[in-house]
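Let me begin by presenting the structure, written as structure tokens, before commenting on it.
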Amino acid sequence: AQSVSQHNHHVILSEAASLELGCNYSYGGTVNLFWYVQYPGQHLQLLLKYFSGDPLVKGIKGFEAEFIKSKFSFNLRKPSVQWSDTAEYFCAVNPPFSGGYNKLIFGAGTRLAVHP
Amino acid sequence: EPEVTQTPSHQVTQMGQEVILRCVPISNHLYFYWYRQILGQKVEFLVSFYNNEISEKSEIFDDQFSVERPDGSNFTLKIRSTKLEDSAMYFCASSESWQGAGYTFGSGTRLTVV
């Protein structure tokens, strides 16, 4: 079945460590890709998105993601995490031919805990 | 920055009761969506709405669910007869275009069915 996979369900890091969260999708064709963050008790907030162009996308709060078409991947990275990055991170895909009405298919999420 | 506003933030209802969750999308957006997130699970698409009609719905969105844009600003999700398994966080979203420009989520309504 077509899906979005986030392989790391829980990640624990110390402050200043580097972060990479994996995201793979199984849709063919042109897709739009997103990373959202959800801080405890808050709503989904867009970190970054990729529609076309440079496959290395920079987002807010020092996050970036790289689209690798051949690997169907869109991994999220941050060189040095902070305690305030503790949150749940969701990868999402706008699959092709979704009627043009733009539904998002989400991965299961990765819960990141950063220890001081 | 423009926001999608959802009310109430938390609603508790008895099984079998009808609930209406309310959303005010961003004013110049034309595409509206509902998603839900059962505790500990992924965010799931429910329905998209454009030009005063449903454009796509998931298999979750059965006859117990309906959406409406009763006036120029509100976008509502109605659950006709709630079940325990409807307990979840419900997110409204809106976007400017079908290509996803400005796709913005609201802060959610936590629905608890008892």
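Every value quoted in this text rests on a predicted model; they were computed, and no experiment measured them. Protein chains get the first letters and strands the later ones, always in sequence-line order, with residue 1 at the start of each.
Few gaps surround CD1 on I60(A); more than 12 heavy atoms of other groups in view lie less than 6.0 Å from it. When the shell of 6.0 Å around CG of D63(B) is examined, it contains 12 or fewer heavy atoms from other residues, nucleotides or ligands. Heavy atoms of other residues, nucleotides or ligands lying less than 6.0 angstrom from CD of Q64(B) number more than 12. For K42(B), the NZ atom is densely surrounded, since the number of other residues' heavy atoms within 6.0 Å is greater than 12. Within 6.0 Å of CD on E85(B) lie more than 12 heavy atoms contributed by other residues, nucleotides or ligands.
Residue Q6(A) does not touch chain B at all, counting heavy-atom pairs closer than 4.5 Å. Looking at E44(B), there are no atoms closer than 4.5 Å to chain A (heavy atoms on both sides), in backbone or side chain. Residue Y35(B) touches chain A through its side chain alone, counting heavy-atom pairs closer than 4.5 Å.
Under the 4.5 Å side-chain heavy-atom criterion for ILVMFWY residues, no single connected hydrophobic cluster contains both V114(B) and I79(B).
Within the 4.5 Å cutoff, no side-chain heavy atoms of N94(A) are placed close to those of Y103(B).
When each of Q42(A), Q45(A), R111(A), Q38(A) is scored by its heavy-atom pairs under 4.5 Å with chain B, the top score falls to Q38(A).
Nearest heavy-atom pair, F106(A) versus V43(B), reported as atom, atom and distance to 0.1 Å: CB-O, 3.4 Å. Of all non-hydrogen atoms in H43(A) and F91(B), the two that sit nearest each other are CA-CE2, 4.2 Å.
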Report the C-alpha distance between L46(A) and F105(B) in whole Å, list the side-chain angles of each, state the deciding distance to 0.1 Å, and finish with yes or no for side chain to side chain contact (heavy atoms under 4.5 Å, CB included). CA-CA 9 Å; L46(A) 180 67; F105(B) 281 85; over 6 Å; no

